[in-house]
Amino acid sequence: MKYLIIGLGNYGGVLAEELTALGHEVVGVDQNELHVDRLKDKMAVSFVIDATDEMALQVLPLKTVDVVIVAIGENFGASIRVVSLLRKYQVKHIYARAVDDVHKTVLEAFSLDRILTPEKDAARMLVQLLELNSEVEPFQIDEEHFVFKFNLPAKLVGYHINELNLEQEFDLKIIALIRGNQVQNCLGVSVLERGVANEFPEDYELTEADGLVCYGLYSKFIQFWKSIR
């Protein structure tokens with residue numbers, strides 16, 4: 001795919017590098033020549049222009065890229081003006097970075113494909129790492145709802161699934177059982193094999209080799225997780 005990134009600071013610069021590393025074609029734009037020089041060898045094309053200048057913006061390949069990413073963050077006015085101009089020129093797919101809730105609220109008025117909140121997302125990921133450690137893999141669905149995949153904690157070994165009462169007590173729905181079995185490989189070595197079961201008997205007795213996947217509110221899962229640690 002072909003991406004145009006406006007704003008090559010810390011956030012936009014990392015986007016440009018990572019997208020290029022994945023084999024995408026990246027066009028980079030920044031009014032700061034130092035930012036462009038730092039990344040020009042890692043992008044297909046680069047421009048040193050002020051994207052808030054409507055005449056300057058018109059030299060960019062707005063119609064030939066798949067996605068335009070407005071990575072400007074701290075300069076609220078510049079971010080909104082650039083998004084407004086992109087809408088004026090009927091750019092089809094626009095992503096824009098928001099640094100706070102006010103910024104996000106204003107950007108929502110433009111009905112963009114996606115509003116990026118890297119600072120909030122990074123903070124949330126750190127909290128999850130501190131709170132859940134590496135024992136749980138959370139997958140975010142929206143602001144509050146997640147899917148959680150986790151190995152069975154020692155306190156739950158020997159319980160039947162219907163005895164957990166996750167839905168009744170924590171409003172968490174179990175959507176899959178990850179069943180672990182010790183088997184011997186071709187060399188006769190005992191290894192753990194895991195298989196996902198979307199359907200399972202409610203009286204299935206959980207073992208230390210098993211895992212669960214459940215869905216619900218992040219806050220409810222934290223309550224559940226603290227209750228079994």
Side-chain angles (χ1 to χ4, degrees), residues 1-130 138-146 218:
M1 292 182 68
K2 188 173 182 178
Y3 295 89
L4 192 157
I5 300 175
I6 300 175
L8 298 173
N10 292 331
Y11 180 65
V14 171
L15 281 180
E17 290 184 90
E18 294 295 324
L19 287 170
T20 298
L22 290 171
H24 300 289
E25 184 178 349
V26 175
V27 178
V29 180
D30 201 292
Q31 65 178 341
N32 187 322
E33 188 173 354
L34 293 176
H35 289 169
V36 175
D37 284 343
R38 176 173 55 90
L39 294 161
K40 64 182 180 182
D41 294 333
K42 299 179 181 179
M43 299 181 295
V45 185
S46 57
F47 295 85
V48 181
I49 64 170
D50 179 0
T52 64
D53 183 329
E54 186 171 354
M55 294 297 292
L57 192 69
Q58 292 181 57
V59 308
L60 300 177
L62 301 178
K63 300 295 186 181
T64 60
V65 296
D66 297 296
V67 178
V68 177
I69 302 174
V70 181
I72 302 167
E74 290 73 18
N75 191 331
F76 180 94
S79 167
I80 300 304
R81 178 167 172 78
V82 170
V83 169
S84 178
L85 289 172
L86 293 174
R87 272 286 180 239
K88 176 180 177 179
Y89 288 105
Q90 299 180 343
V91 174
K92 289 184 178 180
H93 300 294
I94 305 170
Y95 292 6
R97 174 188 175 197
V99 296
D100 56 33
D101 289 338
V102 173
H103 195 175
K104 182 173 181 288
T105 299
V106 176
L107 288 174
E108 285 172 343
F110 292 94
S111 301
L112 306 180
D113 290 69
R114 181 164 298 182
I115 296 174
L116 309 166
T117 54
E119 288 81 5
K120 181 183 290 187
D121 294 342
R124 182 183 288 116
M125 288 177 64
L126 177 59
V127 169
Q128 291 171 3
L129 179 64
L130 295 172
F139 304 91
Q140 187 171 3
I141 306 302
D142 61 20
E143 284 291 323
E144 298 180 322
H145 293 84
F146 283 70
Y218 182 83

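Count residues from 1 along the sequence.
Residues that satisfy the ring-ring contact (aromatic ring centres under 6.0 Å, His included) test with His35, not counting sequence neighbours, are absent from this structure. Thr52 pairs by the side chain to side chain donor-acceptor pair (under 3.5 Å) definition with Asp50, not counting sequence neighbours. Annotation: side chain to side chain contact (heavy atoms under 4.5 Å, CB included) contacts of Gln90 (sequence neighbours excluded): Lys63.
A donor-acceptor distance shorter than 3.5 angstrom exists from the side chain of Arg87 to the backbone of Ser111, with no hydrogens or angles considered.
Within 6.0 Å of CD in Glu33 there are 12 or fewer heavy atoms belonging to other residues, nucleotides or ligands.
Taking CD of Glu54 as the reference point, atom OG of Ser84 lies at 9.0 Å (rounded to 0.5 Å). Note that OH of Tyr95 and CG of Leu107 are 14.5 Å apart. Values are rounded to the nearest 0.5 Å. Taking CE of Met55 as the reference point, atom CD1 of Ile49 lies at 11.5 Å (rounded to 0.5 Å). The distance from atom OH of Tyr218 to atom CD of Gln140, rounded to the nearest 0.5 Å, is 10.0 Å. If you take OG1 on Thr105 and CD1 on Ile115, they are separated by 8.0 Å, rounding to the nearest 0.5 Å.
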Run the side-chain donor-acceptor check on residues 1-15: report pairs under 3.5 Å with partners two or more places apart or on a different chain.
none

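The side chain to side chain donor-acceptor pair (under 3.5 Å) contacts involving residues 16-27 comprise Glu17-Lys42, where partners must be two or more places apart or lie in separate chains. Pairs of residues two or more places apart, or lying in two chains, that qualify as salt bridge (charged side-chain N to carboxylate O under 4.0 Å, His left out) and include a residue from residues 112-122 are Arg97-Glu119, Asp101-Lys120, Asp121-Arg124.
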